Amino acid sequence: MAEVTVRDVYKAYGAVRVLRGVSIDMHDGEFVVLVGPSGCGKSTLLRMIAGLEEINSGDILIGDRVVNDVAPKDRDIAMVFQSYALYPHMTVASNMGFSLEIRRKATDLITAAVGRAAGTLGLGDLLARFPRELSGGQRQRVAMGRAIVRQPQVFLFDEPLSNLDAKLRVQMRTEIKALHQDMGTTAIYVTHDQVEAMTMADRIVVMNEGVIQQIGHPLEVYDRPANQFVASFIGSPGMNFLEGTARQTADTSWVEMVDGTKLPAPRTDAEEGQTVIYGVRPEALTIDEEARSGLIARVDVTEPTGLSTLVFSRVADSITCAFTMDRLDLTRGQPIGLVPDVARVHLFDQASGVRL
Amino acid sequence: MITVGQSKARRLALHAGHTAGLAVFMVFAMFPLFWLVKISLTPNNLLYSEGITLWPSSITWDNYQFALLGSRFPRFFLNSVVVSLSSAAIVTLVAAAGGYAFSRFRFAGKVPIMFVMLLTQMVPLVMLIAPIFKIMSPLGLTNSLTGLIIVYTAFNVPFATFLMQSFFDGIPRELEDAAMIDGCTRLTALRRVIFPLTLPGMGATLGFVFTAAWSELLFALMLINSDDKMTFPVGMLTFVTKFSVDFGQMMAAGVLALIPACIFFAFIQRYLIQGLTAGAVKG
C-alpha cells in the first residue's frame with residue numbers, strides 16, 4: 001500500500017494539451033475516482049501513473065519514490081482495463097498467475113495465490129477455461145483476479161465496467177467496492193459515469209479539458225460544486241440552470257428572472273445587478289400543482305419510475321427537471337409552480353462559471 | 001445459403017446453383033493438375049499415339065523412376081527447399097520485426113519509409129534483372145543459392161511487412177500494456193504475449209513467401225548457370241532439349257515438386273486460414 005502523488009503534471013500531444021498542471025495527493029488506502037467527460041485527460045493521467053505514457057513535466061510519486069522514469073513493471077501496480085486485456089492464448093489460471101510467473105515465483109506459491117484470488121472472486125470452477133469461453137462478467141472478474149493476485153501497492157482501474165450491461169455493472173460496482181474495503185489497497189479508478197464515481201469513491205476528482213475542476217468527498221462535490229461544470233456533470237438528472245440578475249437588500253437576496261419572476265437566493269458575494277446562473281437540483285424543487293407560487297412552468301413530460309417521478313417542464317425556452325417522491329397526475333401543458341429550497345440553491349458567475 | 005422468407009423451391013434452386021458454380025470452379029482449377037498427373041503416368045509411346053483421352057490405356061511409373069534416380073532432379077529439389085525455406089524464414093522474421101515497429105511505434109520518417117516500401121512494389125521485376133545482375137556479379141552472388149535467397153528476401157520483405165503490420169494492428173495494444181504492468185519488458189511482452197497471437201500471421205507470411213520462392217523462375221534462371229545450383233523451376237527446363245521435350249519426365253518432376261508445397265500448406269493451413277480471415281476483418 002502506498003500514497004500516490006501527482007505534482008503539477010503536464011502532457012501534450014503536439015499542439016493538443018491533454019493535461020495542464022494536474023496535482024493530486026492520494027492517500028494510502030484511499031479509493032479515488034477520476035471522473036470527467038471523454039477527452040478530459042483522466043485516462044491519460046491514469047496511464048501516466050501506470051508508466052504507459054510519458055510525462056512532459058511534473059512528478060509522479062508512488063510512496064515516496066519519484067517514478068517518472070520507472071518502467072511499468074517496476075512500479076508495483078496492477079491495472080484493470082476496459083477491454084479486460086486478458087491474454088487470449090492463456091487459461092484463466094495462467095492469466096491470473098502470469099505476473100507471478102514472470103517474476104519467477106515458485107509454482108506452488110503461484111497456484112496458492114491464484115487459488116486464493118479465484119476463491120475471493122468465485123472463479124474456482126473456471127480456472128482451466130480460456131477467456132473466449134467466458135461471459136463478459138466472468139472476464140471482468142478474471143481481470144480483477146489478475147490484479148489482486150500480486151498484492152500490488154496500487155490498483156488502477158480504467159473504466160472497467162463500461163463493457164458490461166447495466167445490471168452487471170451495478171453488481172460489479174458493489175463487488176469492487178467491497179473488495180477494496182477488504183484489501184485496503186490504494187485504488188485509482190477512471191470513469192465517465194458519475195453514478196459510479198459517486199457510489200464508489202472516497203474522494204472524487206472531477207476533470208475537464210485537462211484541468212482538475214474539483215477534488216472532494218462525493219457528497220461534498222454534489223452539495224458544494226466548485227463551478228457550473230461540476231454542478232452539471234455530477235448528479236443525475238443534472239442540475240437546472242436559469243439565467244437571471246442578482247438582487248439583494250440588507251436582509252434578503254433573490255434572483256430576478258427574465259420574465260420578472262423573483263426566486264429566493266442564498267446570500268453570496270454576487271453584486272447587486274450581476275448576471276448570474278441560478279442553479280438548483282431537481283430534488284431541491286417542490287412542485288406546486290396549483291401554480292400559485294414559485295417559478296411558473298408548463299409541464300412537458302413526466303417520467304414515473306415507480307419509486308419517484310421526474311417532471312420536465314418548460315420555463316421560457318429551457319426545460320427544467322423536478323424530482324418528487326409523490327405520484328402526481330399532471331397533464332402536458334398544465335401550469336405548475338416550481339418552488340426552490342433556498343438552502344440548496346447555488347449561484348454561479350455567468351462569465352466564469354465559478355460558484356459565488 | 002438459407003434466407004428467411006424464401007420458398008423451399010427457391011432455396012433448393014439457389015443451393016443447387018451454388019454447388020454447381022463451385023463444382024465448375026473446382027474443375028477449372030483442378031484440371032491442369034489432373035492433366036499433369038495424367039501425362040506423368042502415360043507411357044512415352046502412348047503420348048502421341050492415343051490422341052486426347054482422359055486416361056491412358058496403360059500407365060507407367062518409369063517417368064517417376066527416371067526423375068528420381070536418373071536425372072538431377074533430387075539436387076534441384078533440395079536447392080529449392082533450401083532457398084524457399086530460408087527466404088520464407090528470413091522474410092517472416094524481418095517482416096515481423098518491421099511490421100511490429102510500424103504498428104506500435106511513432107518515429108521520424110515512418111511515413112516516407114512506408115511510402116518507399118510501397119513504391120518498390122510498383123516496379124516490374126523484369127526491369128530489375130540487369131541492375132541486379134550487375135550488383136550481384138562482383139559480389140560473387142551469381143550462381144549461388146545465397147544470392148537467390150538475398151534477392152527473394154529483398155523482393156518479399158515489403159509486402160510481407162505490410163501483411164504483418166496488419167496482424168499486429170489487429171492485436172490490442174492493451175495486451176502489451178497489461179503484460180508490461182504484469183512485469184514484462186517490451187521484449188518479454190512481445191515474446192510471451194504478442195508472438196503467440198501472431199502465429200497465424202506468421203503462418204500466412206511463411207506460406208506466401210515459400211510459394212513465391214518455390215515457383216520463381218525468372219531470377220533463378222538469370223542468376224544460376226550451373227546444374228548443381230539450379231532450383232527445380234530452372235531444372236524443369238533441362239527436360240527441354242534441342243531436339244525434344246520429355247513431357248512425361250517433366251510432368252513427373254512437376255508432380256514431385258508439388259508434394260513439399262502441399263505438405264507445407266497442410267502444416268500451416270490452420271494458421272493460414274485463421275490468419276487470412278483475421279487479417280481481412282481486423283487489418
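Letters A, B, ... are given to chains in the order of the sequence lines, protein chains preceding strands, and every chain is numbered from 1. Owing to the predicted nature of the structure, the values given are computational and were not obtained by experimental measurement.
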I'd like to know whether [atom1] of [X] has more than 12 heavy-atom contacts from other residues, nucleotides or ligands below 6.0 angstrom.
| X | atom1 | result |
| --- | --- | --- |
| B/F105 | CZ | yes |
| B/F107 | CZ | yes |
| A/R17 | CZ | no |
| A/D182 | CG | yes |
| B/Q121 | CD | yes |
| B/F34 | CZ | yes |
| A/R7 | CZ | no |
| A/E209 | CD | no |

Rounded to the nearest 0.5 Å, how far does CZ of B/R173 lie from CZ of A/F81?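 One finds 12.5 Å between CZ of A/F81 and CZ of B/R173.
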Top contributor to chain B contacts, counting heavy-atom pairs under 4.5 Å, from [options]:
| options | value |
| --- | --- |
| A/L100, A/I77, A/D74 | A/I77 |
| A/M79, A/R103, A/M90 | A/R103 |
| A/S99, A/A50, A/A143 | A/S99 |
| A/R150, A/R75, A/K73 | A/K73 |

Given side chain to side chain contact (heavy atoms under 4.5 Å, CB included), test A/Y84 with B/L175 step by step and report yes or no. CA-CA 9 Å; A/Y84 320 134; B/L175 285 183; over 6 Å; no
Portion of B/R192 that has a non-hydrogen atom of chain A nearer than 4.5 angstrom: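 Answer is both: backbone and side chain atoms of B/R192 are under 4.5 Å from chain A.
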Between A/Y87 (side chain) and B/I194 (backbone), is there a donor-acceptor pair under 3.5 Å?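 No; judged by distance alone, with no hydrogens or angles, the pair does not exist.
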Candidate list A/V80, A/D76, A/L52, test side-chain contact (heavy atoms from CB on, under 4.5 Å), partner B/I181, passing option: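 By the side-chain contact (heavy atoms from CB on, under 4.5 Å) criterion, B/I181 pairs with just one of A/V80, A/D76, A/L52: A/L52.
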If you count heavy-atom pairs under 4.5 Å between each of B/L197, B/D177, B/T185 and chain A, which one has the most?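 Between B/L197, B/D177, B/T185, the count favours B/D177.
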With a 4.5 angstrom heavy-atom cut-off, is it the side chain or the backbone of A/L86 that approaches chain B, or both, or neither?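 Backbone only.
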A/A71 versus chain B, heavy atoms under 4.5 Å apart: side chain, backbone, both or neither?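 When you check distances to chain B, no heavy atom of A/A71 falls under 4.5 Å.
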Decide, yes or no, whether a salt bridge links A/R47 with B/E174 under the criterion of side-chain N to carboxylate O below 4.0 Å.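 Looking at B/E174 together with A/R47, the answer is no, because their closest N to O distance does not fall below 4.0 Å.
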Less than 4.5 Å apart, side chain to side chain, heavy atoms only: is that true for [X] and [Y]?
| X | Y | answer |
| --- | --- | --- |
| A/F98 | B/C184 | yes |
| B/D182 | A/I102 | no |
| B/L199 | A/H89 | no |

